[in-house]
Protein chains: 2
Amino acid sequence: MAEAEYWLQHLQSNGFRPTAPRKAVVEIITSSRRVLNPMEVFDLARVHYPKLGLVTVYRTIEKLEKLGLLQRVHLPTGCQGYVAAYDRHQHLLICQKCGSVEYFGGDQETLENLLTDVEKKSGYRVREHWLQLFGECADCRELS
Amino acid sequence: MAEAEYWLQHLQSNGFRPTAPRKAVVEIITSSRRVLNPMEVFDLARVHYPKLGLVTVYRTIEKLEKLGLLQRVHLPTGCQGYVAAYDRHQHLLICQKCGSVEYFGGDQETLENLLTDVEKKSGYRVREHWLQLFGECADCRELS
DNA sequence: TTTTATGCAAAGTATTTGCACGGGA
DNA sequence: TCCCGTGCAAATACTTTGCATAAAA
């Protein structure tokens with residue numbers, strides 16, 4: 001639970017109190033390999049902290065996102081999913097079977113070449129990019 | 001308005017009637033260079049067809065999306081935007097100033113190399129991908 | 001003791017559904 | 001005439017806000 005500890009310290013050093021409800025939310029999110037939406041976080045965190053309110057989940061997610069700890073993820077099925085942000089970019093690799101999410105570094109140079117190429121052809125100045133890949137993770141491929 | 005005609009024929013050949021409300025919706029969407037959400041489509045289409053109801057906009061969008069004519073676009077600001085689908089992929093180039101959207105072909109080989117590289121490193125089997133670029137279009141760059 | 005955080009309830013917002021009427025085939 | 005499509009109203013789902021109480025500093 002080291003990651004959760006770190007998040008709580010991060011909250012604290014930004015003037016937010018590391019309370020029990022926030023701890024419950026943070027622990028669920030940091031220990032999940034999947035994208036979770038607010039209701040899922042609520043249901044999971046409530047097991048450990050039954051008094052938790054859904055509103056607190058929303059408010060905690062909002063703060064974590066602003067601090068850059070949490071990243072919102074857009075999926076074909078919905079856009080209120082969140083995962084721990086290990087990168088500023090949405091360079092995600094999402095398993096369509098088990099829902100697990102991971103970041104990939106990829107070949108930075110290849111991607112930059114692609115962006116430069118598009119800039120030349122289109123006349124755009126590219127400032128940001130989202131790249132998300134969907135497929136089957138190694139574990140799910142083994143099982144099938 | 002050739003594109004709108006084509007969409008209406010497409011609707012018709014799939015058993016849906018080319019009615020006046022649908023025509024109003026289709027004309028707005030096919031003539032827009034920007035991503036539009038259902039309410040924007042409603043407001044714009046209503047100018048030409050005042051009796052239009054918002055529900056019909058939702059239902060028409062749903063049909064157009066299923067037929068593959070319309071594609072839902074996820075943006076940082078929201079996920080209920082739609083643009084004409086000229087490609088199965090979300091290879092979009094979006095202007096952060098004027099909101100205009102275009103598709104880019106890019107260098108297919110470069111992208112495929114990138115995906116293959118990620119597959120090797122991660123053990124994933126990649127089935128789909130989304131690539132969206134955000135920046136400034138040529139017109140907006142000129143103006144600034 | 002002071003200030004922030006919480007949970008409930010209520011208010012907004014966005015989207016979908018039920019249904020009687022209207023219009024295309 | 002028949003059936004699909006429409007718009008209204010109501011229902012539903014999701015998210016935010018107001019406020020009195022509770023908990024942290």
Side-chain angles (χ1 to χ4, degrees), chain A residues 5 7-29 35-67 69-70 72-82, chain B residues 5 7-29 35-67 69-70 72-82:
Chain A
E5 272 312 314
W7 285 33
L8 291 168
Q9 279 172 27
H10 208 306
L11 278 169
Q12 192 159 34
S13 61
N14 281 81
F16 301 112
R17 294 170 181 173
T19 64
R22 282 176 183 164
K23 191 167 180 234
V25 168
V26 163
E27 287 188 345
I28 289 303
I29 294 173
V35 170
L36 299 175
N37 64 36
M39 188 55 82
E40 288 169 330
V41 172
F42 179 57
D43 287 336
L44 292 166
R46 201 159 39 152
V47 173
H48 301 291
Y49 187 78
K51 279 192 291 174
L52 184 66
L54 179 58
V55 175
T56 297
V57 174
Y58 275 99
R59 290 194 277 225
T60 303
I61 285 174
E62 188 189 357
K63 283 179 180 57
L64 295 171
E65 195 183 5
K66 277 189 185 155
L67 293 177
L69 294 167
L70 200 55
R72 183 170 169 185
V73 176
H74 299 259
L75 303 177
T77 51
C79 314
Q80 284 301 35
Y82 293 90
Chain B
E5 272 313 312
W7 285 33
L8 290 168
Q9 279 172 27
H10 208 306
L11 278 169
Q12 191 159 34
S13 62
N14 281 80
F16 302 112
R17 294 172 182 171
T19 63
R22 282 175 183 163
K23 191 168 179 234
V25 168
V26 163
E27 286 188 346
I28 289 304
I29 293 172
V35 170
L36 298 175
N37 65 37
M39 188 55 82
E40 288 169 329
V41 172
F42 179 57
D43 287 337
L44 292 167
R46 203 159 36 152
V47 173
H48 301 291
Y49 187 76
K51 280 192 290 175
L52 184 66
L54 179 57
V55 176
T56 297
V57 174
Y58 276 99
R59 290 194 275 224
T60 303
I61 285 173
E62 189 189 357
K63 284 179 180 58
L64 294 172
E65 195 182 4
K66 279 189 185 154
L67 293 178
L69 294 168
L70 201 54
R72 183 171 168 184
V73 176
H74 299 258
L75 303 177
T77 51
C79 314
Q80 283 301 36
Y82 294 88

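Chain A is the first sequence line, chain B the second, and so forth, proteins listed ahead of strands; every chain is numbered from 1.
Between B:Arg72 and A:Cys79, the shortest heavy-atom contact is NH2-SG, 4.0 Å. The shortest non-hydrogen separation linking B:Ala24 to B:Tyr49 is CB-CB, 3.8 Å. Between B:Gly81 and B:Val35 the shortest heavy-atom distance is CA-CG1, 3.2 Å.
Going from atom CD of B:Glu40 over to atom CD1 of B:Ile28 covers 11.5 Å, rounded to the nearest 0.5 Å. Considering OH of B:Tyr82 and CD1 of B:Ile29, their distance stands at 9.5 Å, rounded to 0.5 Å. Summarising the geometry, atom CG belonging to B:Leu67 is positioned 10.0 Å from atom CH2 belonging to B:Trp7; distances are rounded to the nearest 0.5 Å. Between B:Leu69 atom CG and B:Thr60 atom OG1 the span is 12.0 Å, to the nearest 0.5 Å. Considering NE2 of A:His10 and CD of A:Glu5, their distance stands at 14.0 Å, rounded to 0.5 Å. Rounding to the nearest 0.5 angstrom, the gap separating the CD atom in B:Gln12 from the OG1 atom in B:Thr19 is 10.5 Å.
Of the residues in residues 41-65 of chain A, those with a non-hydrogen atom less than 4.0 angstrom from any atom of DNA chain C are A:Tyr49, A:Lys51, A:Leu52, A:Gly53, A:Val55, A:Thr56, A:Arg59. Only B:Gln12, B:Arg17, B:Pro18, listed by number, bring a heavy atom of residues 8-22 of chain B to less than 4.0 angstrom from any atom of DNA chain C.
Protein chain A touches strand DNA chain C; the 5'-most and 3'-most nucleotides with an atom under 4.0 angstrom of its non-hydrogen atoms are C:dT3 to C:dA9.
A salt bridge (Lys or Arg N to Asp or Glu O under 4.0 Å) check over residues 44-56 of chain A, counting only residues at least two apart or in different chains, returns the pairs A:Asp43-A:Arg46. Residues in residues 53-64 of chain B take part in these salt bridge (Lys or Arg N to Asp or Glu O under 4.0 Å) pairs, two or more places apart or across chains: B:Glu62-B:Lys66.
When the P atom of D:dA13 is taken as reference, atom CD of A:Gln80 falls 17 Å away, rounded to whole Å.
Between the two ends of the helix from C:dT1-D:dA25 to C:dA25-D:dT1, each summarised by a five-pair axis, the helix axis turns through 30° (rounded to 10 degrees).
Side chains of A:Pro18 and A:Leu11 form no contact here, defined as non-hydrogen atoms less than 4.5 Å apart.
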